Each structure stands twice: as structure tokens, then as C-alpha cells.
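Structure first, commentary second.
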There are 2 protein chains.
Amino acid sequence: MENLTELLKGVLEGCVLEIIGRKETYGYEIVKTLNSLGFEDVVEGTVYTILIRLEKNKLVDIEKKPSEKGPPRKFYSLNEAGRHELSLFWEKWGYVSSRLAQLKEDSHV
Amino acid sequence: MENLTELLKGVLEGCVLEIIGRKETYGYEIVKTLNSLGFEDVVEGTVYTILIRLEKNKLVDIEKKPSEKGPPRKFYSLNEAGRHELSLFWEKWGYVSSRLAQLKEDSHV
DNA sequence: TAGTGGTACTAAGTTATACAAAGTAGCATG
DNA sequence: CATGCTACTTTGTATAACTTAGTACCACTA
């Protein structure tokens, strides 16, 4: 799917929160996860800027661990504020998507 | 619902296309329509910038008509390119929302 | 007739987010 | 020692929504 950029604003951050919320993970793996979830064109630069933002907003805890395969990994996990932000995200997403569903539904009645 | 700004990127333009696609209408009325659809905090400044963008991208036809209640209205209708853009929007929206639905579904399995 | 409020459009500047592009660096394999 | 995968960093750009302020038409009323 091409040029989803604008529709992904706000969405990708929510996805990253959700992914981190499931299990402690790191940037490179998150990129691969997003790709496999259907967000195929999401690249590292995008994800790392999101992670830096999450850190700056104190939504995640970070732990550095060595890797067998390359440079050390920075593992992220959600803290309490992060979990709250995640539930807020799903709430907002639910709101917007239900309005859109309604709009679309009305359109072919 | 508070602070949906980022989630609305790309979405509002799609909504405006959809609204215009149903019947010829004008900016002020579009604002009211969006508000009644649940996008309560969307204000004129936002909608008019979208309309100017649609015009610049040649997705709409425009006709100026007098109003009984105020300044003349600029009526917008979708042209062929606009209808195509609208169907593209719904396609993209469907893609993104289905991925999100899947992500959310997986989350509480 | 001055003031208020609803209708209707315009325009300048700000902010937030995704994306592009390039680079640094560790490690394994051939 | 070159290639390729892993893994993180940084700088800059584009886009879209939002903020704020302003112009202007019209009807009603105190």
C-alpha cells in the first residue's frame, strides 16, 4: 500500500507502545515486527525517533543488553505512564475509527 | 475526546472529500457537518486549509453562489480526480484500520 | 443607530510526526 | 578484508492539523 504517511501519524506510536507492552523488546526488532504486521515500508529512522520520543516523555524503561549478533541492544518496556498512554491511544483510535466507520456506512445507504 | 490531532492527519481530508462527494456544499457547512459527525473540535481554519489544498490539487470544482444569510458561499463538488482520490482514501483507510484491528485483536488473546 | 450574534471566508505562523538519507559500529563468513 | 546482517544515531525535510486573528455580510434589537 502506497503513501500511507499521513494516515500513520499518531498510529505508529500507538503500535510501538502496543508492541513494547507485550514484551520487552528493542528498536531493530520493533521495525521487523511492524513490517510483518503490514507496515512494510516503516524504516529504522522512523522507529528510532518514536523510541527517543517515548523515552523523553518518560513512558518507557530502558535497559541495555549485549547482543550475540551485533552492537548492544536497548531494550524497552512500558512503565505505568506508558501503559496509561497505550490505553489512551486505543481509546482515541476507537473513537476515530468508529466515526469513520459510521461515515463510510452512511455513504452507501 | 481530547487531542486527536495526530490521528486526524489524513483522515480529515478524507472526510471532507466524502462529504463533498455526497452533495455540493461549502466550507462553513462542512465544518458543521464534521462537528455533528463527532469531530467536534474541528474549526474553520482547519477546513478551509483543506479546501484550498483540494482546489490546488484540482480535486474539486468550485462555484460561487450568493447566500441569504451572509457573504457569498463557495460551493465545492468532486471532479473525476476527486472521486478517484476519495476511493483511494477509503482503500488506504481500510488497509490501516484492518492492521490496527488485527494488532488490537492479538493483544488480548 | 450602535451593538450583538450568526454566517462565511482568508491568511500567517506554530507544532508534531513520519520519512529520507547518511553515518557509525559490532560480528560472522567466505 | 569485503560483504552482509545486526543495531543504533543524527540531521534535515515535508505535510497536515491547529492557533489566532482578521474581514465582511446580514438580521435583530435596545
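To find a chain, count down the sequence lines: A is the first, B the second, and so on, and within it residues start at 1. Bear in mind that the values here come from a model prediction, so they are computed numbers and not experimental data.
- Atom CG of B:L17 is separated from atom P of D:dA16 by 12 Å (rounded to the nearest Å).
- The pair A:K32-A:E29 fails the salt-bridge criterion, with no side-chain N (NZ, NE, NH1 or NH2) lying under 4.0 Å from an Asp/Glu carboxylate O.
- One interatomic measurement links the two molecules: CG of A:D41 to P of C:dA20, which rounds to 8 Å at whole-angstrom precision.
- Residue A:L51 is out of contact with every strand shown, counting any heavy-atom pair closer than 4.0 Å.
- Rounded to whole angstrom, the span from the CG atom of A:L34 across to the P atom of C:dA18 amounts to 11 Å.
- Between B:L12 atom CG and C:dT17 atom C1' the separation is 15 Å, expressed in whole Å.
- When the P atom of D:dA16 is taken as reference, atom NZ of B:K56 falls 9 Å away, rounded to whole Å.
- Under the salt bridge (charged side-chain N to carboxylate O under 4.0 Å, His left out) rule, A:R73 has a single partner from A:E24, A:E63, A:E68, which is A:E68.
- Cation-pi check for B:K74 over B:Y76 is not met; the charged atom does not lie both under 6.0 angstrom from the ring centroid and within 45 degrees of its normal.
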Sugar-phosphate or base contact per nucleotide [nucleotides 1-15 of chain D; S, B, -; heavy atom under 4.0 Å] = -----BBBBB----B

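- Around NZ of B:K64, the count of heavy atoms belonging to other residues, nucleotides or ligands within 6.0 Å does not exceed 12.
- Residue B:E2 contributes atom CD, which lies 15 Å from atom C1' of D:dC18 at whole-angstrom precision.
- Judged by distance alone, the side chain of A:N79 and the main-chain N or O of A:A81 form a donor-acceptor pair under 3.5 Å.
- Separating the CG atom of A:L8 from the C1' atom of C:dA16 is a distance of 15 Å, rounded to the nearest angstrom.
- Across the protein-nucleic acid pair, B:K65 atom NZ and C:dA8 atom C1' stand 16 Å apart, rounded to whole Å.
- Heavy-atom neighbours of B:K65 NZ from other residues, nucleotides or ligands within 6.0 Å: above the threshold of 12.
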